[in-house]
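For the numbers below, each heavy atom of this structure counts, side chains included, while hydrogens, waters and symmetry mates do not. Numbers restart at 1 for each chain; the letters A, B, ... are given by sequence-line order, proteins then strands.
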Number of protein chains: 2
Amino acid sequence: MTVQPTPDDLPEPLPEPAVDDIRLETVMGALSDPLRMGIVRKLLLESEQFDHPCGWFGLDRPKSSLTHHFKALREAGVTRQRQYGLERRSHVRVDDLNTRFPGLLDLVAAWTPASS
Amino acid sequence: MTVQPTPDDLPEPLPEPAVDDIRLETVMGALSDPLRMGIVRKLLLESEQFDHPCGWFGLDRPKSSLTHHFKALREAGVTRQRQYGLERRSHVRVDDLNTRFPGLLDLVAAWTPASS
DNA sequence: CATGCAGTACGATCGAACTCGTACAAGAAG
DNA sequence: CTTCTTGTACGAGTTCGATCGTACTGCATG
């Protein structure tokens, strides 16, 4: 058995809940906002590479609003954020969420924005 | 092919969204409250018979608060409510939710309240 | 060091939702 | 009809979250 290679070259993740502390009702509260649901869905479907800074999403909102939403996702345990120089890049905690709430991310991936 | 027997003896359901109008983010918003999550979970796990009035849940809240929460669940499309004489009984729209969001109710059934 | 850029922190505003008391409606039962 | 029961309607108080402007930090680059 080989030792899992520790990615020492990666920046430390910003504060986030441990896997076992992720609560389903909190995750659902984070996803109850259509903007945040769309962020997670886009990460799931289109992030071919790795993490993405919040400018990548092309959201037409002030930066201070985006900070609020990305923080909400991270503190709920849905995403992880790392600081890469200037940028704070996000990705979905896929393994953690699939372990705790299997099937949840499939629902998010299948989501479509309201037609209104 | 036999005609589906229409349950004419059942009271009409209270106003609720049609199946196709149930939105995932709205459902998640309704389930982001621990009290409501517990209501749905209890309905899923313990409702051997059919519907249940809101006294059956043994919730230690004023009646006017319970009205609010049961209405939130119904208007989100999570539950259906019918008037049986005095009582307004609820059940989960299992088929509708499994059709639109397969796996979601499994997550609710597996939910456990916060340890606090 | 000066400039520019990504993003945060803080605080104000505003609307929605939670909580609850009180009064009321409507069926059930004597 | 009177009373009891189940639950609603309405309204007030309060909390929470969304939005956003402004000022700021921290890194990068010249």
Side-chain angles (χ1 to χ4, degrees), chain A residues 9-16 23 25-40 43 50-76 78-91 113-114 116, chain B residues 9-16 23 25-40 43 50-91 113-114:
Chain A
D9 51 337
L10 285 184
E12 275 302 294
L14 300 185
E16 64 181 24
R23 304 254 352 134
E25 68 271 27
T26 308
V27 170
M28 289 197 170
L31 295 176
S32 68
D33 185 294
L35 189 87
R36 293 196 291 255
M37 179 80 83
I39 287 173
V40 179
L43 277 175
F50 272 138
D51 312 6
H52 294 281
C54 76
W56 173 78
F57 296 88
L59 300 166
D60 188 22
R61 301 288 179 96
K63 290 191 292 181
S64 51
S65 298
L66 297 182
T67 298
H68 167 70
H69 290 294
F70 280 92
K71 183 179 178 185
L73 286 172
R74 173 172 49 87
E75 293 185 337
V78 178
T79 59
R80 172 168 294 137
Q81 288 186 291
R82 283 196 170 91
Q83 192 84 29
Y84 286 79
L86 278 183
E87 296 174 340
R88 184 166 290 196
R89 301 187 194 165
S90 302
H91 68 269
S116 64
Chain B
D9 50 339
L10 285 184
E12 275 302 293
L14 299 186
E16 65 182 20
R23 304 255 353 136
E25 68 270 28
T26 308
V27 169
M28 289 195 169
L31 295 176
S32 68
D33 185 295
L35 189 86
R36 292 196 291 256
M37 179 80 84
I39 288 172
V40 179
L43 276 175
F50 272 140
D51 311 6
H52 294 280
C54 75
W56 172 77
F57 296 87
L59 299 167
D60 188 22
R61 301 289 179 95
K63 290 189 293 179
S64 51
S65 299
L66 298 182
T67 298
H68 167 71
H69 289 294
F70 279 93
K71 183 180 178 184
L73 286 172
R74 173 172 50 86
E75 293 185 339
V78 179
T79 58
R80 172 167 295 136
Q81 287 184 292
R82 283 198 170 89
Q83 191 84 29
Y84 286 78
L86 278 184
E87 296 173 341
R88 184 166 289 197
R89 301 188 195 165
S90 302
H91 69 269

For the residue pair T79(A) and F70(A), what are the closest heavy atoms and their distance? OG1-O, 4.3 Å
Whole angstrom is fine here: how far is it from CG in L35(A) over to P in dA18(D)? 10 Å
What is the distance from CD of E25(B) to C1' of dA18(D), rounded to the nearest Å? 16 Å
OP1, OP2 of dG7(C) versus side-chain N and O of R89(A): anything below 4.0 Å? no
For M37(B) versus L31(B), what's the shortest heavy-atom pair and its separation? CE-O, 3.4 Å
Could you pull out the closest heavy-atom pair between A76(A) and A30(A), with the gap in Å? CB-CB, 3.7 Å
Whole-Å distance between dG7(C) C1' and Q81(A) CD? 10 Å
Separation of atom CG in L86(A) from atom P in dC27(D), rounded to whole Å: 9 Å
Within this structure, what is the OH-to-P distance between Y84(B) and dA28(C), rounded to whole angstrom? 14 Å
Rounded to whole Å, CZ of R88(A) lies from P of dG26(D) at a distance of 12 Å
Could you identify which residues of residues 66-79 of chain B place a heavy atom less than 4.0 Å from some atom of DNA chain D, listed by residue number, or say none? T67(B)
Contact summary for A72(A) and R36(A), nearest pair of heavy atoms: CB-NH1, 3.7 Å
Given dG7(D), dT19(D), dG21(C), the nucleotide with the shortest approach to the side chain of S64(B): dG21(C)
Where R89(B) and P53(B) come nearest, the two heavy atoms and their spacing: CG-N, 3.8 Å
Provide, to the nearest angstrom, the distance between the CZ atom belonging to R61(A) and the C1' atom belonging to dC20(D). 11 Å
Among Q81(A), E16(A), H69(A), side chain to side chain donor-acceptor pair (under 3.5 Å) partner for R74(A): Q81(A)
Round to the nearest Å and state the distance from L59(A) atom CG to dA18(D) atom P. 15 Å
